[in-house]
Amino acid sequence: MGSYFHFSAAVLALATLSTATAAPVQCTASFTDISAADFVQCLDPGWNLGNTLEASPDEGSWNNAKVTPPVFELVRNSGFNGIRIPVTYADHYVGGSPNWPINATWLQRVSDVVDMATAQGFYVVTNMHHDSWKWADVTQTDANLTMIHERFYASWLQIARTLACKPSTLALEPINEPPATTAEHGEQINVLNQLFLKALADAGGHNARRVVTLVGGGEDGAKTAQWFTRPAKNVTNPWAIQYHYYSPYNFIFSAWGKSIWGSAAEEAALVADLAAVRGNFTDVPLLIGEFSASQINCEASARWRYTDLLVRTAHLLNTSVMLWDNGLDNLDRPAGKWRDPTSLGLIMGIKDTPEKNNSLPVGTTDDSAKMQSSSAYIFRRVGEPTTAQALPFEFNGNSVTSIVTGNDNKTLSSTDYAVNSSHIIFSASFLDNYLSPNGAAGRKANMTVNFSEGVPIPIEIVQWDTPVLASLTSLVTSATATTDISIPVTYKGLPRVAAARMVGVNGTILVDAWTQYLGPLQQGRATFSNQYNFDDSHVIITSTALQDVLSSDESTVVTFEFYPRVPGNAVNYTLTVGK
Ligand SMILES: *[C@@H]1O[C@H](CO)[C@@H](O)[C@H](O)[C@H]1NC(C)=O
Ligand SMILES: *[C@@H]1O[C@H](CO)[C@@H](O)[C@H](O)[C@H]1NC(C)=O
Ligand SMILES: *[C@@H]1O[C@H](CO)[C@@H](O)[C@H](O)[C@H]1NC(C)=O
Ligand SMILES: *[C@@H]1O[C@H](CO)[C@@H](O)[C@H](O)[C@H]1NC(C)=O
Ligand SMILES: *[C@@H]1O[C@H](CO)[C@@H](O)[C@H](O)[C@H]1NC(C)=O
Ligand SMILES: *[C@@H]1O[C@H](CO)[C@@H](O)[C@H](O)[C@H]1NC(C)=O
Ligand SMILES: *[C@@H]1O[C@H](CO)[C@@H](O)[C@H](O)[C@H]1NC(C)=O
Ligand SMILES: *[C@@H]1O[C@H](CO)[C@@H](O)[C@H](O)[C@H]1NC(C)=O
Ligand SMILES: *[C@@H]1O[C@H](CO)[C@@H](O)[C@H](O)[C@H]1NC(C)=O
Ligand SMILES: *[C@@H]1O[C@H](CO)[C@@H](O)[C@H](O)[C@H]1NC(C)=O
Ligand SMILES: *[C@@H]1O[C@H](CO)[C@@H](O)[C@H](O)[C@H]1NC(C)=O
Ligand SMILES: *[C@@H]1O[C@H](CO)[C@@H](O)[C@H](O)[C@H]1NC(C)=O
């Protein structure tokens, strides 16, 4: 449960600082008090305006345009009640110690974006984001804690003054995922929480009555449980705890070929993780401020089962959730479209009708499997005869009420499919409409399965063949290894890479030799984004991987593996070490 903290010497030393420069803000607008518990409940479910105001060096520097009101309107109309606005201040200072002035134009922009969100009726949380590793990292061996404390307090004093008169639908979060690996670091994060609260108290306006979501080390639930200390009883802010959940790391970030998820043990681990945070903070409102199994890299059936379990478990534990979205994961902001409407439906359904079970497509969950199947798809290889296809489903007490094709809204008839207690079985005669042995590879159709309760689930019919790369080898030299290799690809099925194996011609695993002890789908596999990537028309080997090849001095075969992960659906690309 942790002990209550008292203001430390570091905090008290600052009491005389920058407050001298400005009197507390006075607001004319009134303020409607709200408890932290109500606030956290009201923002559920929430959405993160990711890769936007926390982009470095500026809003617009990464993959998203500067945000405009229609984005918030769309998110609101999609059913979200909360918005988290991550903000990086590191690149916007216009001076240094001791007052650390922040560019007034930037503070005004933050204020304007907060207004855009509250104007839509959202409950809003804003924070200080990548500053956590850019200058506020207390784990650095040469960390100047005096500077970090001074700068953190001075920054929050300015931010709090800027946002002082905002309505009570704005909450503040001190810092995003502050690094911490020891109890001493954990204690330093407690000091940051105190400095933040002190700055709020000193800034005036409504800040001392505003809801805050305090954080522990890494914004990690387990570390928070270990090291977090509660604010002193004289802190007037209603407070909640925010933590983030991206576990298991290997599935969420496609590390080491981990494209499957959902064994009984993995499901139990997720439930236990969330329950442990609640168990440590039985009387504190809890918010999972970030989570996301992204449609970019997480296989559909595993992703939907993960999303369903995470959101359902959080709901049972009275814990609110906010979906992370970097602009590529979920909402296509320019197009105004959700890339994975099913995940969105799962999140909204659990909020609106938590008593209803969803029916979910099953996939391989066994880490020792040699192949991966998924009931989110009917996969058929070019050249193979069409046969009936039985897809396992977890019906969870529901029945199938109808199946409709997305292309022509045709309702399937009783000769098209059958359902038993564990499977939906599509007949060969039905699949013949889309698949034929000498047909072309490609994505053929989507069907939507409607159930007696819960969210409809799509199944896509895909005729696949091995993708074709425009080249199959290149020479790696110290001159070329500084740039990613981007290889044009013609996908012949789903346009994505499932995994990439990187093994030297002599059998040396390029990165993380310990993956030899993992299952057949993971041995020698590298990590998405670190060593490989892809887009709609390229597969990519990163310069990081090329540097590793140079260091190993061993020509290396990169095996790009595609969905379905079955023998034959992979292409080798050879990197030859040159001088
Ligand atoms: C809260 O109490 C501490 C002593 O624990 C004191 O130093 C501090 O000034 C008090 N803060 C406020 C805002 O009253
Ligand atoms: C969940 O939190 C809300 C707000 O604090 C509270 O009213 C409700 O009783 C809690 N429910 C449970 C099951 O703990
Ligand atoms: C503040 O930011 C604005 C907008 O980016 C920029 O034009 C201006 O030069 C900045 N001011 C200072 C003092 O750096
Ligand atoms: C640490 O930070 C303080 C406050 O900004 C500064 O006065 C001091 O010179 C810094 N110390 C070092 C070693 O840089
Ligand atoms: C508190 O959290 C720790 C770390 O996650 C966990 O081991 C412990 O079981 C939790 N306590 C309760 C009562 O849930
Ligand atoms: C919902 O699913 C759970 C198992 O996941 C099951 O125990 C429960 O009975 C189901 N509810 C209904 C109404 O069928
Ligand atoms: C399918 O039906 C829905 C609602 O009945 C309609 O909104 C949609 O436009 C139809 N789609 C096609 C391709 O006909
Ligand atoms: C349901 O159908 C599948 C696929 O045909 C089959 O393997 C399974 O045994 C069937 N289950 C029952 C209970 O009949
Ligand atoms: C099926 O739906 C997905 C997701 O919306 C889409 O990307 C894909 O193109 C659709 N497939 C077909 C064959 O229309
Ligand atoms: C799907 O089922 C829901 C009820 O569960 C119903 O309201 C809806 O009309 C159904 N849609 C189709 C296309 O059958
Ligand atoms: C790889 O094997 C070849 C031929 O057996 C050998 O010449 C070379 O030294 C080996 N390279 C490494 C890095 O082990
Ligand atoms: C790719 O290379 C590996 C050895 O690195 C080999 O076992 C495999 O058969 C090759 N696959 C293809 C499709 O050529």
Side-chain angles (χ1 to χ4, degrees), residues 53 55-61 66 87-96 99-113 158 162 294-301 303-304 328-332 335-346 359 361-362 373-380 387-395 399-400 403-410 417-428 430-431 433-435 439-449 455-464 491-496 535-536 563:
L53 277 87
S56 188
D58 206 354
E59 187 187 8
S61 298
K66 292 186 180 187
V87 181
T88 296
Y89 288 90
D91 305 294
H92 300 279
Y93 288 91
V94 294
N99 287 325
W100 299 97
I102 300 168
N103 187 325
T105 312
W106 181 245
L107 287 169
Q108 185 59 46
R109 175 63 182 159
V110 172
S111 169
D112 291 347
V113 173
Q158 295 169 75
T162 304
S294 176
Q295 57 79 33
I296 297 173
N297 63 297
C298 297
E299 190 280 321
S301 73
R303 174 171 88 236
W304 295 333
L328 302 169
D329 297 308
N330 292 299
L331 177 61
D332 181 342
K337 279 210 168 110
W338 293 93
R339 294 189 178 87
D340 179 5
T342 307
S343 289
L344 182 73
L346 291 167
S359 301
V362 171
S373 65
S374 165
S375 295
Y377 302 96
I378 291 174
F379 284 123
R380 187 55 47 93
T387 54
Q389 180 91 21
L391 299 181
F393 260 76
E394 287 171 3
F395 290 115
S399 56
V400 174
I403 303 180
V404 179
T405 58
N407 315 46
D408 52 7
N409 270 354
K410 179 177 166 293
Y417 72 99
V419 181
N420 71 14
S421 59
S422 57
H423 288 72
I424 304 175
I425 304 123
F426 292 90
S427 70
F430 167 71
L431 294 175
N433 294 322
Y434 303 98
L435 305 170
R443 308 175 78 166
K444 299 297 178 179
N446 282 308
M447 299 178 288
T448 301
V449 186
V455 173
I457 295 291
I459 296 172
E460 186 169 11
I461 303 174
V462 180
Q463 182 142 343
W464 67 272
Y491 293 111
K492 302 214 165 185
L494 295 185
R496 52 195 66 223
D535 62 25
D536 284 345
Y563 290 114

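Counting starts at 1 for both ligands and their atoms, following the listed order.
Looking at Thr88, Val110, Val87, Leu53 one by one, the single match for side-chain contact (heavy atoms from CB on, under 4.5 Å) with Glu59 turns out to be Leu53.
Of all atoms in ligand 9, listed by their number and element, those nearer than 4.0 Å to a heavy atom of Lys444 are 13 (C). Remark: ligand 8 atoms within the under-4.0 Å shell around heavy atoms of Ile425 are 2 (O). Heavy-atom contacts of Ser421 reach the following atoms of ligand 8: 13 (C) (cutoff under 4.0 Å).
Not one N or O on the side chain of Ser301 forms a donor-acceptor pair closer than 3.5 Å with the backbone of Ala376. Under the 3.5 Å distance criterion, the side-chain polar atoms of Gln158 are matched with a main-chain donor or acceptor of Asn99.
Distance from atom 4 (C) of ligand 8 to its nearest protein heavy atom, with residue and atom name: Ala390 CB, 3.6 Å.
Within the 4.0 angstrom cut-off, atom 7 (O) of ligand 3 has no protein heavy-atom neighbours. For atom 11 (N) of ligand 8, a protein non-hydrogen atom is found at a distance below 4.0 Å. Distance remark: protein heavy atom present below 4.0 angstrom from atom 14 (O) of ligand 3.
Some N or O of Glu460 is nearer than 3.5 Å to an N or O of ligand 9, by distance alone. On a distance-only criterion, Asp58 and ligand 3 share no N/O pair closer than 3.5 Å.
Counting non-hydrogen atoms of neighbouring residues, nucleotides and ligands closer than 6.0 angstrom, the NZ atom of Lys66 reaches no more than 12 such neighbours.
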